[in-house]
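Residues: numbered from 1 along the sequence shown.
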Amino acid sequence: MKLVIITAIKEFEKDIKLQLKQAKVGTFSYREVTGFRDSTEDALESNWFSSEMNQTRSMVFYAFVKKENVDLLFDLIDKFNREQKTLSHIHVASLNIERTN
């Protein structure tokens with residue numbers, strides 16, 4: 001069993017739910033969060049609004065996933081990200097679970 005954490009902009013919520021279903025993840029938790037991005041390092045030309053901190057409506061998903069389904073989930077998210085025309089992507093991480101009850 002692994003703990004999978006997924007973050008993305010709110011607009012990708014339905015896509016993430018579909019990917020979780022396709023990877024046979026039947027149980028998960030999620031909530032809306034506010035994402036922050038520090039753009040002080042960006043070039044002035046690419047920072048159109050001249051704001052140093054940008055907020056984004058985002059989502060975070062948590063799921064305990066069977067080891068054999070984690071790779072499939074990562075593959076689905078990787079495929080989704082490659083096909084995106086936007087700069088935003090879905091971010092995913094998995095953590096080993098040493099002990100559960």
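- Linking ILVMFWY residues whenever their side-chain heavy atoms come closer than 4.5 Å, directly or via other members, leaves Val60 and Phe12 in distinct clusters.
- For the pair Phe74/Leu76, no side-chain contact is recorded, criterion being any heavy-atom separation below 4.5 Å from C-beta on.
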Q) Does the side chain to side chain contact (heavy atoms under 4.5 Å, CB included) test come out yes or no for Ile6 and His91, once each step is laid out? A) CA-CA 6 Å; Ile6 302 169; His91 304 279; over 6 Å; no

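- Considering every non-hydrogen atom in both Val25 and Ala63, the closest pair reads CG1-CB, 3.9 Å.
- Residues Leu73 and Asn69 form no side-chain contact, since every pair of their non-hydrogen atoms from C-beta on lies 4.5 Å or further apart.
- In this structure, NZ in Lys2 is found 15.5 Å from NZ in Lys66, a value given to the nearest 0.5 Å.
- Centroid-to-centroid, the aromatic rings of Phe28 and Phe64 stay 6.0 Å apart or farther.
- Side-chain atoms of Lys67 and Met1, non-hydrogen and from C-beta on, never get closer than 4.5 Å to each other.
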Q: Take Ile16 and Ile90 through the test side chain to side chain contact (heavy atoms under 4.5 Å, CB included) and record every step on the way to the result.
A: CA-CA 8 Å; Ile16 294 169; Ile90 296 173; 3.7 Å; yes

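- Looking at heavy atoms from C-beta onward, Met59 lies in side-chain contact with Glu32 at the 4.5 angstrom threshold.
- When side chains are defined from C-beta on, Glu13 counts as touching Phe61, because their heavy atoms get closer than 4.5 Å.
- Cluster annotation: Val92 is connected to Ile9 through the hydrophobic network of ILVMFWY side chains, with a link wherever side-chain heavy atoms come within less than 4.5 Å.
- Taking the charged nitrogens against the carboxylate oxygens, Asp78 and Arg82 do have a contact shorter than 4.0 Å, which makes a salt bridge.
- At least one side-chain heavy atom of Gln19 sits less than 4.5 Å from a side-chain heavy atom of Ile77.
- Within the 4.5 Å cutoff, the side chain of Phe80 has heavy atoms near those of the Asp15 side chain.
- Rounding to the nearest 0.5 Å places CG of Leu72 at 8.0 Å from CD of Gln22.
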